[in-house]
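Right, one structure below, let's go through it.
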Amino acid sequence: FCLSLLSQKAGENSHDSTDKCVRILPSPMDRQFRVPDSPETLSEVVIDSTPHTRTLNAVTKGKGQWETIVLAYKTLGVVFGGLVTSPLYVFPSMPLKSPTKDDYLGIYSIMFWTLTLIGVVKYAFICIKADDHGEGGTFALYSLLCRNLNIGILSPKRVNSNLSVSYSILHEGIETQSSLGKFFEKSIVSRRILLFISMLGMCMLIGDGILTPAISVLSAMDGVRSRFPSVSKSMVEAFSAVVLVVLFLLQKFGTSRVSFMFSPIMAAWTLSTPLIGIYSVIHYYPSVFKALSPQYIFYFFRRNGKEGWLLLGGTVLCITGSEAMFADLGHFDRCSIQIAFLFTIYPSLVLTYAGQTAYLIKNPNNHGDGFYKFIPTKIYWPIFIVATLAAIVASQSLISATFSVIKQSVVQDYFPQVKVVHTSRCKEGVVVSLVMLITTILLTLVMIIIWRTPTALVALYFIVFFLLEGIYVSAVFTKILEGGWIPFVISCILAFIMFGWFYGRQRKLEYEMTHKITPDRLGMLLAEPNVQRVPGLCFFYTNIQDGLTPVLAQYIENMKSFHKVTVFTTLRYLLVPKVASHERILIKRMGLKGIYGCVVQYGYADSLDLEGDDFVGQITKTLLVHIKNSSCYLRDSQEIEEEISNLEDASSAGVVHIRGKTRFHIGKNCHKFDRIMLSFYEVLHNNCRSALPALGVPLTQRIEVGMLYEA
C-alpha cells in the first residue's frame with residue numbers, strides 16, 4: 001500500500017515536471033531577442049520539454065506498445081548488463097567458511113530481499129520517476145533540486161545574468177517553498193554539502209564504470225580454467241584485456257547501434273540462466289524457495305554474527321548495476337526500462353540465484369566457482385560462450401552511464417572539457433553501495449521539497465533504504481584495506497578534480513563580473529581616435545551575459561582596432577537536458593552600430609555541435625532574421641537594407657573568432673586555500689580542451705587574447 005502511494009505521488013509530480021511546456025517570462029533585455037525563422041520575441045519562446053527534444057526517448061512516445069516493447073528489448077544490451085550477469089561473481093566473492101544449508105538459505109533470502117527492495121521498489125517504482133526531463137542519475141536529481149530551489153552554487157554560466165531563464169521556469173511548480181527548501185536557500189554550508197554529495201555520487205558511478213568491465217569479463221573468462229586447469233591465470237587476464245580494448249572501441253558507434261548488437265546476447269543470457277536455475281532447483285533442492293521468508297535472514301545473522309555481517313560485502317554485488325537503470329534513463333524511456341526489469345531481469349535473477357543456492361546446498365564447498373559448477377556438463381560450453389559474451393555486454397551498461405554523467409558534468413562546468421563521443425571481485429562493492437546511499441539521500445530531498453510527499457511516507461522510505469544501504473556500506477568498508485580502496489580513491493580524485501575546476505570557474509566569474517565592460521565603456525573605447533573599425537565579422541566569446549568580458553578592453557587597447565561587425569557570443573547552459581534547435585540561438589542589439597549580442601543555449605544532455613549549417617552560418621542566418629524583424633526599432637527600410645549589406649560585406653571579408661586566454665595571478669596575499677585550489681585549477685585549465693573545436697571553428701580563424709586575473 002505504501003509503495004503504491006509513493007509511486008502514485010511520484011508519478012503525479014514527475015508528470016507535472018516533465019511533460020508540460022514552460023513559458024519563459026521576459027526580462028527587459030529579453031524583449032530584444034528573437035529566435036531564428038520566427039518573428040516572436042523571447043517573451044513568446046517556449047522551452048519544450050516534450051519528447052521530440054530527447055534522443056532515444058522519442059522512439060516510444062506516441063508510437064504504440066510495440067515500439068515500447070522493442071525499446072525494452074534494446075535496454076537489455078545497454079542498461080541491465082551489469083545487473084543480470086552478477087551471478088558470475090556473487091558467490092565466489094564471499095569468504096565462506098564451511099557453509100551449511102541454513103547459511104545458503106539465509107544468503108539467498110538476503111539477495112532476494114535486496115533485489116526486491118532496492119531493485120523493484122526503489123529504482124523501478126520510485127527513483128525512475130524522479131527524472132529531470134527524461135534524464136536520470138544522481139546529478140539529474142541535483143539539477144532537479146536546483147531548478148526548484150534558489151541555490152546559488154550552480155554553473156557560472158547562469159549567475160547574475162539579465163538573460164537568465166526566469167525564476168518561474170527554474171522553480172516550476174513550487175508555489176510555496178517547504179521549510180527544508182528555505183533552509184537550503186539560506187545556508188551556504190548545506191548547499192556546498194549538497195553539491196559535494198552530488199559530485200561524489202557522480203564520481204562513484206564513474207569509478208564503478210571503470211572497474212565493472214574488468215570484473216565481469218575476468219569472471220566469465222575464468223570459466224576456461226574450470227575445464228582446463230592448465231590454463232594460467234595470466235593468460236586469462238591477457239585475453240580479457242584484449243576483449244576490453246575492443247569493447248571500448250565500439251563506443252564510437254553510439255548507444256543505439258551498440259544496444260542493437262548486444263541485446264540478442266543479453267536476451268540469450270537472461271532466458272538461459274533461469275532455465276538452468278529451475279533445473280537445479282528441481283534436481284538438487286526443491287524447497288529452496290522457502291528462503292523467501294525474511295525469517296531466514298534473522299536466523300542467518302543470529303547464527304553467524306559478525307561473520308554474517310562481513311559476508312554482506314559479497315551479497316551486495318547481487319544489485320551491482322542497478323544504478324545504471326536510473327542513470328541510463330536518458331538513453332531510453334521510463335516504461336521500456338520498467339518492462340524489461342520487472343518482466344525479464346528480476347525473475348531471471350531470482351530463479352538463477354535459487355538454482356545456484358540449491359546446487360550449493362548439496363555441494364557446499366563449491367562456492368569458489370559458484371556459477372560454472374552448477375551448469376550441467378552437457379551444456380557447459382554453450383553456456384560458457386553465452387556467459388563470456390554476456391559479461392562483455394555487462395560492461396556496456398556502466399560504460400554508457402559513465403559517458404552520460406561525464407557529458408553532463410562537462411557542459412555544466414563541473415569538469416574540464418573532454419571529448420565525449422556519445423582488482424578483485426569484492427572491490428567494486430564499496431562504490432556500488434555508496435552511490436545507492438547517495439541516491440537515497442537526494443531522492444529523499446526530492447520527495448520533501450518537490451513532490452511534497454507526506455511525512456510518514458518519506459520517513460518510511462528513508463528509514464528502510466538508509467538503514468539497508470547503510471548496513472551494506474558499513475560491511476563493504478571493511479574491504480577498504482583489502483583492495484576496496486581502489487574505486488574509492490578513484491572517486492575521491494575525480495571529486496577533487498570537479499571541485500577544483502568548479503571553484504576556479506567561480507572565482508574567475510567573480511573577477512569578470514567585478515571588472516566587466518559595460519556598453520557605455522565599450523562606446524568610449526571605440527571613440528578613441530586611434531581605434532579603427534576594420535572589415536570582417538568577429539565572434540568575441542564571453543562567459544558573462546550581464547556585461548562584457550574584461551578581455552575586451554585588453555584587446556582594444558593593444559590591437560587599436562575593432563571589426564565592423566562584432567557578435568559577442570556566450571555559450572549558455574540551461575538547467576534542462578535539451579534545448580530545441582529553433583531556440584538554440586538568441587540575438588540582441590548592443591546599442592552600437594554593427595555590434596550584437598548572441599547567446600547559444602544548450603542543455604546538459606545536448607551536444608555543442610550545431611545541426612545543419614556550420615556555426616557561423618546559423619548565427620548569421622539568425623542575425624539576418626533579427627534585423628528584418630526589427631523594423632519597429634529603425635527609422636526606415638533603407639537603414640535595414642544598409643545593416644543587412646554591412647553584415648554580408650563583413651561575412652565576405654572574413655570571419656575571426658576571439659576568446660580570452662585568462663590566467664590567475666596568484667600573489668603573496670592569497671590565502672593558502674586559494675593558492676592551492678587556483679594553482680590546481682590552472683593545471684586543469686592548461687590541459688583541457690576548448691569549447692571552440694566542438695563548435696567546428698577552424699584553427700586558422702581563432703585568436704586568443706591573454707590576460708591575468710588578480711586572485
Side-chain angles (χ1 to χ4, degrees), residues 83-120 219 222-223 226 272-320 346-380 383 387 424-426 429 468 471-472 474-476 478-479:
L83 182 59
V84 79
T85 56
S86 58
L88 285 170
Y89 46 80
V90 170
F91 277 109
S93 69
M94 298 182 192
L96 295 169
K97 299 176 183 179
S98 302
T100 64
K101 178 187 73 172
D102 291 334
D103 289 335
Y104 282 121
L105 290 174
I107 291 171
Y108 178 63
S109 184
I110 292 172
M111 291 192 293
F112 170 79
W113 286 105
T114 299
L115 285 168
T116 302
L117 290 175
I118 296 180
V120 176
S219 299
D222 209 40
S226 297
S272 61
T273 54
L275 292 177
I276 299 173
I278 293 172
Y279 168 81
S280 296
V281 169
I282 297 173
H283 187 70
Y284 294 109
Y285 195 74
S287 302
V288 68
F289 290 110
K290 66 183 180 181
L292 299 185
S293 171
Q295 66 179 344
Y296 284 90
I297 300 176
F298 172 75
Y299 296 152
F300 175 80
F301 285 112
R302 186 179 64 178
R303 185 171 53 256
N304 293 283
K306 182 179 178 181
E307 293 298 323
W309 170 67
L310 292 176
L311 287 175
L312 292 177
T315 57
V316 71
L317 298 182
C318 73
I319 203 67
T320 297
Y346 177 69
S348 175
L349 288 172
V350 170
L351 292 174
T352 302
Y353 284 124
Q356 285 183 284
T357 302
Y359 170 81
L360 291 173
I361 286 174
K362 296 299 182 182
N363 303 274
N365 296 321
N366 287 343
H367 57 83
D369 192 7
F371 178 77
Y372 285 110
K373 289 290 187 180
F374 102 110
I375 298 175
T377 304
K378 294 182 180 180
I379 59 172
Y380 181 88
I383 294 299
S424 75
R425 297 184 180 95
C426 64
L468 173 62
I471 293 174
Y472 271 127
S474 67
V476 298
T478 62
K479 305 292 184 181

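The shown structure was predicted, so the numbers you read here are calculated from the model rather than taken from an experiment.
To the nearest 0.5 Å, the span separating NE2 on His367 from CG on Leu96 amounts to 5.0 Å. Rounding to the nearest 0.5 angstrom, the gap separating the CD1 atom in Ile375 from the OG atom in Ser280 is 9.0 Å. For the atom pair CG of Leu351 and CG of Leu275, the computed distance is 8.5 Å after rounding to the nearest 0.5 Å. The CZ atom of Phe91 lies 9.5 Å from the OH atom of Tyr108; values are rounded to the nearest 0.5 Å.
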Donor-acceptor contacts, no H, no angles, side chain residues 305-318, under 3.5 Å, sequence neighbours left out:
unit_1	atom_1	unit_2	atom_2	d
Trp309	NE1	Ser474	OG	3.1
Thr315	OG1	Leu312	O	3.2

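For Tyr296, there are no side chain to side chain donor-acceptor pair (under 3.5 Å) partners, not counting sequence neighbours. Residues forming a side-chain contact (heavy atoms from CB on, under 4.5 Å) with Ile282 (at least two apart in sequence, or on another chain): Ile278. Every residue two or more places apart in sequence or in another chain that forms a side chain to side chain donor-acceptor pair (under 3.5 Å) with Thr114 is listed here: Tyr472. The side chain to side chain donor-acceptor pair (under 3.5 Å) check on Ser86 picks up Tyr353, with sequence neighbours excluded. Listed by chain and residue number, Tyr372 satisfy the ring pair (Phe, Tyr, Trp, His ring centres under 6.0 Å) test with Tyr380 (two or more places apart in sequence, or in another chain).
Distance alone, capped at 3.5 Å, places no donor-acceptor pair between the Thr320 side chain and the Leu83 backbone. Side chain of Tyr346 to backbone of Val120: no donor-acceptor contact under 3.5 angstrom is found. Looking only at distances, a side-chain donor or acceptor of Ser93 sits under 3.5 Å from a matching main-chain atom of Val90.
For the pair Thr100/Pro364, no side-chain contact is recorded, criterion being any heavy-atom separation below 4.5 Å from C-beta on. Between Thr357 and Phe374, the closest side-chain pair of non-hydrogen atoms is not below 4.5 Å.
Among residue pairs with one or both ends in residues 272-295, those qualifying as ring-ring contact (aromatic ring centres under 6.0 Å, His included) are Tyr279-His283, Tyr284-Tyr359; sequence neighbours excluded. Counting only residues at least two apart or on different chains, the salt bridge (charged side-chain N to carboxylate O under 4.0 Å, His left out) pairs with a member in residues 102-111 are Asp103-Arg303.
In this structure, Met94 and Met111 approach most closely via the heavy-atom pair CE-SD, 4.5 Å. Minimum heavy-atom separation, Gly368 to Pro92: O-CB, 3.5 Å. When all heavy atoms of Ile297 and Ser109 are compared, the closest pair comes out as CG1-OG, 3.2 Å. For Ser348 against Thr273, the heavy-atom pair with the smallest separation is OG-OG1, 3.5 Å.
Each of Leu117, Ile107, Leu292, Leu349 was evaluated against Phe112; a single residue qualifies, Leu292, per the side chain to side chain contact (heavy atoms under 4.5 Å, CB included) test.
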side-chain contact (heavy atoms from CB on, under 4.5 Å) between Leu105 and Ile361, worked out: CA-CA 8 Å; Leu105 290 174; Ile361 286 174; 3.9 Å; yes
side-chain contact (heavy atoms from CB on, under 4.5 Å) between Ile383 and Phe371, intermediate numbers included: CA-CA 11 Å; Ile383 294 299; Phe371 178 77; 4.3 Å; yes
Intermediate values then yes/no, side-chain contact (heavy atoms from CB on, under 4.5 Å), Tyr104 and Gln356: CA-CA 10 Å; Tyr104 282 121; Gln356 285 183 284; over 6 Å; no
side-chain contact (heavy atoms from CB on, under 4.5 Å) between Ile276 and Thr352, worked out: CA-CA 7 Å; Ile276 299 173; Thr352 302; over 6 Å; no
